[in-house]
2 protein chains.
Amino acid sequence: MNAPVSSPSLTKNQTLVFDVLSRSEAPMSAYTILDKLRDHGFRAPLQVYRALDKLTELGIVHRLESLNAFVACAHRESTCCGAGHGHGTVAFAICESCGQVSEFHDHEVDHRLGDWARGRGFRPAKTTIEIRGLCRGCAA
Amino acid sequence: MNAPVSSPSLTKNQTLVFDVLSRSEAPMSAYTILDKLRDHGFRAPLQVYRALDKLTELGIVHRLESLNAFVACAHRESTCCGAGHGHGTVAFAICESCGQVSEFHDHEVDHRLGDWARGRGFRPAKTTIEIRGLCRGCAA
DNA sequence: TTAATTGCGTTATGCTATAACGTGTGCCAT
DNA sequence: ATGGCACACGTTATAGCATAACGCAATTAA
Ligand SMILES: [Zn+2]
Ligand SMILES: [Zn+2]
Ligand SMILES: [Zn+2]
Ligand SMILES: [Zn+2]
């Protein structure tokens, strides 16, 4: 009923935010999203942050901690670890030149970290893996 | 000549910041460090950030991206991957209840991520791995 | 209907980080 | 020595990221 793909039962604001992120090549900060949505009636940061909270909770948007920015999920539907969309730990490769982000899941890494945690009695809630560097195109 | 261990050739400000971090059980934000150092003449955030930049560059302080906070390096001197103090990729387990941070290096994880990068022509500059959750003591 | 839940809009505030300017000091090549 | 350079430092101002707290409206459950 509205523009691109969006999960059912998203509210208007959530849909707007998700669509903006989906169309973006690079990650976007909350304030950049806000600026893109002023024409649609957005006036304050909280409108964006509240939508982002919900979208990340649904697992269709990810927060990049090292960038204070957000990306739409680019998961290949590999029903591997905890993937459906309740996806397990995911990693990001972030190009510091062009801004391109690659999202991937590595079974081995996930399990290694899980093993380490179990061995120490540590109960993981959320794991962040972000590789910053230069993508093939930008690495000269 | 001054309190705890500090690498040679640190400036006065760098030493102050490093010592505060070394004595702290939990990670500290730049502004928390600033407050701790007001008695020593610190007045502005930049004094802290400049010291932190140098200390992280030296590898004796780490930034926790998911917390916007800093910790003194707690590396066991395992001369494993790129460890001496030009240490390779390191991971952190962060307890969201008590704030305790465990720093560790996992050879396998490091190499897996390196392999992924090589396979895609991606040139890593800095890798962040942070597991947030509950430590053994706090996990009930 | 009533109460609980959830989303929404707004204002104000707080936390994190850097820009830009000028000063001082040590070091080295001239 | 003297000029140039590199580096740390101090200060003020500003930019960028995130949440508190209020009140209202719509939806759902009991
Ligand atoms: Zn994803
Ligand atoms: Zn690139
Ligand atoms: Zn370390
Ligand atoms: Zn704990």
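Below, each value reflects all heavy atoms present in this structure, side chains not excepted, and no hydrogens, waters or symmetry copies. So you know, we letter chains A, B, ... as the sequences are listed, proteins then strands, and number each from 1.
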Rounded to the Å, how far apart are [X] [atom1] and [N] [atom2]?
X       : N      : atom1 : atom2 : value
A:Met28 : D:dG16 : CE    : C1'   : 15 Å
A:Gln47 : C:dT10 : CD    : P     : 6 Å
A:Leu37 : C:dG9  : CG    : C1'   : 15 Å
B:Tyr31 : C:dT18 : OH    : P     : 10 Å
A:Leu67 : C:dT16 : CG    : P     : 18 Å
B:Lys12 : C:dT25 : NZ    : P     : 15 Å
B:Leu16 : D:dG10 : CG    : C1'   : 15 Å
A:Ile33 : D:dC17 : CD1   : C1'   : 12 Å

Is B:Arg118 paired with B:Asp115 through a side-chain N to carboxylate O contact shorter than 4.0 Å? yes
Looking at B:Arg132 and B:Glu96, is any side-chain nitrogen of the basic one under 4.0 Å from a carboxylate oxygen of the acidic one? yes
Determine yes or no for a side-chain-to-main-chain donor-acceptor pair under 3.5 angstrom, with A:His105 supplying the side chain and A:Ala91 the backbone. no
Under 3.5 Å donor-acceptor, A:Glu130 side chain and B:Ile129 backbone: no
B:Arg63 CZ: over 12 foreign heavy atoms closer than 6.0 Å: yes
Can you figure out which of [options] approaches the side chain of [X] most closely?
X       : options               : value
B:Asn13 : D:dA21, D:dA18, D:dC9 : D:dC9
B:Leu46 : C:dC8, D:dA18, D:dT12 : D:dT12
A:Lys54 : D:dA18, C:dG7, D:dT11 : C:dG7

So for the helix from C:dT1-D:dA30 to C:dT30-D:dA1, with five pairs setting each end axis, what is the inter-axis angle to 10°? 30°
Indicate whether OP1 or OP2 belonging to [N] is found under 4.0 Å from a side-chain N or O atom of [X].
X       : N      : result
B:Asn68 : C:dA17 : yes
A:Ser29 : D:dC17 : yes
B:Thr11 : D:dC9  : yes

May I ask you to decide if the ring planes of A:Trp116 and B:Phe104 are parallel, tilted or perpendicular, using 30° and 60° as cut-offs? parallel
Please figure out whether B:Gln14 or B:Arg43 has its closest DNA chain D nucleotide nearer the 5' end. B:Gln14
Sugar-phosphate, base or nothing in reach of B:Arg50, heavy atoms under 4.0 Å: base
Scan A:Ala44 against the nucleic acid and name what it touches under 4.0 Å (heavy atoms): base, sugar-phosphate only, or nothing. base
Only one of A:Asp35, A:Ile33, A:Val17 passes side-chain contact (heavy atoms from CB on, under 4.5 Å) with A:Phe42; say which it is. A:Val17
Is the centre of the B:His62 ring less than 6.0 Å from the centre of the B:Phe92 ring? yes
Would you say A:Tyr49 stacks on D:dT19, if stacking means ring centres under 5.5 Å apart and planes within less than 30 degrees? no
DNA chain C nearest-nucleotide lookup for B:Ala69 and A:Pro45: closer to the 5′ end is A:Pro45
